[in-house]
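Written below as structure tokens is the structure these notes are about.
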Amino acid sequence: MVGSSVVRRLSKSESNFNITSSTRDDADLFSYEDTRNIILKNTPDVIINAAAKVGGIHANNTKRTEFILENLKINMNILEACIDLNEIKIINLGSSCIYPLNSKNPINEEDFMEGKLEPTNSPYAVAKIAAIEIGKSLNEQYGHTVVNLMPTNLYGPNDNFSREDSHVIPGLIRRMSDAKKESKKEFNIWGSGKPLREFLYVDDLAESIEFVIESNVESGLYNIGSGDEITIFDLAKKIQSLLDYKGNLSFDSSKPDGNPRKLLDSKKINDLGWKSRTSLDKGLEKTIDWFIKNI
Ligand code: GFB
């Protein structure tokens, strides 16, 4: 989802970027040799690391081993392959789950590694934290520029719309549209519906990446959020109305809530000049439109 959005955005840029995108089919990032060879062959000015094994609360919580190992391998291979190439600017993507569970909201970059992680996604978070630390070491020891962007919960076209393994927006869209097709009278929202989440439309993240490439953003950690939060119940009601599903909404307490609230403080990047542009209503409309045409 992120990679395709970044390619769309940079292809439209007036800067005439020469973009080389890689997918699972042409880049085995689990292999150090392959990763190093791709980088040497393409000699990029900028590497955008959007590769990751991602998923929603259920996938993170039940495939804990794969989430930590696969993400560690991808991040280690890309960053290790760049040790002697400090002229390449590295833009590394992380996630808001790197911050401690008890961080004060809105969560500031200063909270990094100040406390315990939220348990449902701690393996994934540790892999993302490791990447930030490797990048910091490259910067301090070898002079690399490493800009770590920490987006809040993303959604949009090309997301994973699986019923079980996806994040909440694609998960609700998929399961509720199934319920509508099957004329189900009741729809189960996972958990209590009370957690608050902040969402960012993926094309807004792509714009932040273009902004980082074109501006002189220093190495470090940058939160990338929309600044707006909503309860999961209210989100489900918005999706219900957009899908025109007439059944009742109820709650499945056997599923975890995860973090009760994780709103990012994005002042650091906002002050440099990037702000998100897409409202949740507009983003949901575009995402559902894409879902109906493509899934
Ligand atoms: O988006 P989500 O899967 O992950 O779930 P997190 C957010 C909230 O929505 C949780 C509830 O409280 C879920 O219980 N929810 C309700 C649902 N219905 C559904 C549904 O149909 N599907 C899903 N998936 N959730 C993720 C991390 O945490 O945050 C990732 O697991 C990543 O690693 C991402 O860091 C940013 O927001 O809790």
Side-chain angles (χ1 to χ4, degrees), residues 1-2 50 52-64 66-68 70-72 75 93-101 103 105 107 117-129 131-132 148-156 159-180 184 186-202 205 223-226 229-240 243 245 247 249-264 266 280 284 287 291:
M1 172 174 72
V2 173
K53 179 176 184 68
V54 295
I57 193 164
H58 177 75
N60 268 271
N61 204 16
T62 54
K63 295 174 188 149
R64 303 176 72 85
E66 290 73 21
F67 270 78
I68 186 164
E70 292 186 20
N71 285 303
L72 273 176
N75 294 333
L93 297 181
S95 160
S96 58
C97 68
I98 59 153
Y99 291 113
L101 179 58
S103 294
N105 281 268
I107 307 167
L117 296 166
E118 197 285 311
T120 61
N121 54 36
S122 53
Y124 176 74
V126 165
K128 291 291 182 187
I129 290 170
I132 296 167
N148 298 287
L149 303 182
M150 298 301 120
T152 191
N153 291 35
L154 298 168
Y155 69 102
D159 205 343
N160 165 13
F161 284 85
S162 121
R163 293 169 185 87
E164 288 280 304
D165 287 344
S166 62
H167 287 99
V168 59
I169 290 182
L172 286 176
I173 294 174
R174 180 63 181 257
R175 293 194 304 109
M176 221 183 268
S177 83
D178 287 351
K180 185 180 168 184
K184 291 234 168 89
E186 184 129 324
F187 177 85
N188 269 328
I189 300 169
W190 293 358
S192 67
K194 288 182 188 153
L196 283 159
R197 289 291 182 275
E198 178 192 27
F199 295 99
L200 185 75
Y201 187 62
V202 68
L205 172 68
N223 290 342
I224 309 288
S226 61
E229 56 183 349
I230 182 169
T231 66
I232 296 300
F233 184 38
D234 286 343
L235 172 73
K237 286 192 283 190
K238 276 187 191 289
I239 292 173
Q240 178 179 32
L243 289 175
Y245 169 64
L249 301 182
S250 55
F251 300 97
D252 176 357
S253 59
S254 70
K255 291 283 195 305
D257 268 347
N259 204 325
R261 188 182 179 201
K262 47 175 174 175
L263 174 66
L264 292 177
S266 303
L280 181 61
L284 285 177
T287 305
F291 171 81

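Start at 1 with the first residue, then count along the sequence. Order of appearance sets the numbers: ligands from 1, and atoms from 1 within every ligand.
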Checklist entry - Do Leu235 and Ile169 touch side chain to side chain, with heavy atoms closer than 4.5 Å? => result yes
Checklist outcome for this item: So the atoms of ligand 1 within less than 4.0 Å of a heavy atom of Gly55 turn out to be 30 (C), 31 (O)
Item to check | Protein heavy atom at shortest distance from atom 28 (O) of ligand 1 | outcome: Lys262 NZ, 3.4 Å
Item to check | N/O donor-acceptor pair under 3.5 Å between Asn60 side chain and Thr120 backbone | outcome: no
Item to check | Side-chain heavy-atom pair Ile230, Lys238 within 4.5 angstrom cut-off | outcome: yes
Checklist outcome for this item: Atoms of ligand 1 under 4.0 Å from any heavy atom of Arg175, numbered from 1 in the order shown, are 18 (N), 20 (C), 21 (O)
Checklist entry - What protein heavy atom sits nearest atom 27 (C) of ligand 1, and how far off is it? => result Asn121 ND2, 3.1 Å
Checklist outcome for this item: among protein heavy atoms, the one nearest atom 18 (N) of ligand 1 is Trp190 N, 3.1 Å
Checklist outcome for this item: Heavy-atom proximity to atom 33 (O) of ligand 1 ranks first, among Leu196, Asn60, Leu200, Val54, for Asn60
Next on the checklist: For Ala59, which part has a heavy atom under 4.0 Å from ligand 1: side chain, backbone, both, or neither?
Outcome noted: neither
Checklist outcome for this item: closest protein heavy atom to atom 5 (O) of ligand 1 is Val168 CB, 3.8 Å
Checklist entry - Are Arg64 and Ser122 linked by a side-chain donor-acceptor pair shorter than 3.5 Å? => result yes
Checklist entry - Is any NZ, NE, NH1 or NH2 atom of the basic residue among Asp178 and Arg175 found under 4.0 Å from an Asp or Glu carboxylate oxygen of the other? => result no
Checklist entry - In the protein, what heavy atom is nearest to atom 4 (O) of ligand 1, and what distance, to one decimal place, separates them? => result Ile57 N, 3.7 Å
Item to check | Atoms in ligand 1 flagged as close to Leu172, the criterion being non-hydrogen separation under 4.0 Å | outcome: 18 (N), 21 (O)
Next on the checklist: Closer than 4.0 angstrom, basic N to acidic O: yes or no for Glu229 and Arg261?
Outcome noted: yes
Item to check | Heavy-atom check, side chain of Ile107 versus side chain of Ser96, under 4.5 Å | outcome: no
Next on the checklist: Quick check on contacts: which atoms of ligand 1 are under 4.0 angstrom from a heavy atom of Pro195?
Outcome noted: 12 (O)
Checklist entry - Mind checking whether Lys63 and Pro123 have side chains closer than 4.5 Å, heavy atoms only? => result no
Checklist entry - Relative to the heavy atoms of Cys97, which atoms of ligand 1 are at a distance of less than 4.0 Å? => result 35 (O)
Checklist entry - Asp257 heavy atoms, cut-off 4.0 Å: which ligand 1 atoms fall inside? => result 10 (C), 12 (O)
Checklist entry - Against heavy atoms of Gly56, which atoms of ligand 1 measure under 4.0 Å? => result 3 (O), 31 (O)
Checklist entry - Is it the side chain, the backbone, both or neither of His58 that has a heavy atom closer than 4.0 Å to ligand 1? => result neither
Checklist entry - Between Ser266 and Asn223, does a side-chain hydrogen bond (donor to acceptor under 3.5 Å, both in side chains) hold up when you go through it step by step? => result CA-CA 5 Å; Ser266 303; Asn223 290 342; 5.6 Å; no
Checklist entry - Among all protein non-hydrogen atoms, which one is nearest to atom 35 (O) of ligand 1, and what is the separation to 0.1 Å? => result Ser95 OG, 2.7 Å
Checklist entry - Is there a nitrogen or oxygen of Asn259 sitting under 3.5 Å from a nitrogen or oxygen of ligand 1? => result no
Checklist entry - Less than 4.5 Å apart, any side-chain heavy atom of Met1 and any of Val54? => result no
Item to check | Nearest protein heavy atom with distance in Å, relative to atom 14 (O) of ligand 1 | outcome: Pro256 O, 2.7 Å
Checklist entry - Among all protein non-hydrogen atoms, which one is nearest to atom 38 (O) of ligand 1, and what is the separation to 0.1 Å? => result Arg197 NH2, 2.8 Å
Next on the checklist: Applying a heavy-atom cut-off of 4.0 Å, say which part of Ala125 lies close to ligand 1: side chain, backbone, both or neither.
Outcome noted: neither
Checklist entry - What is the ring orientation for Phe67 with Tyr124, classed by angle as parallel under 30°, tilted 30 to 60°, or perpendicular over 60°? => result perpendicular
Next on the checklist: Between Ser192 and Ile232, is there a side-chain heavy-atom distance shorter than 4.5 Å?
Outcome noted: no
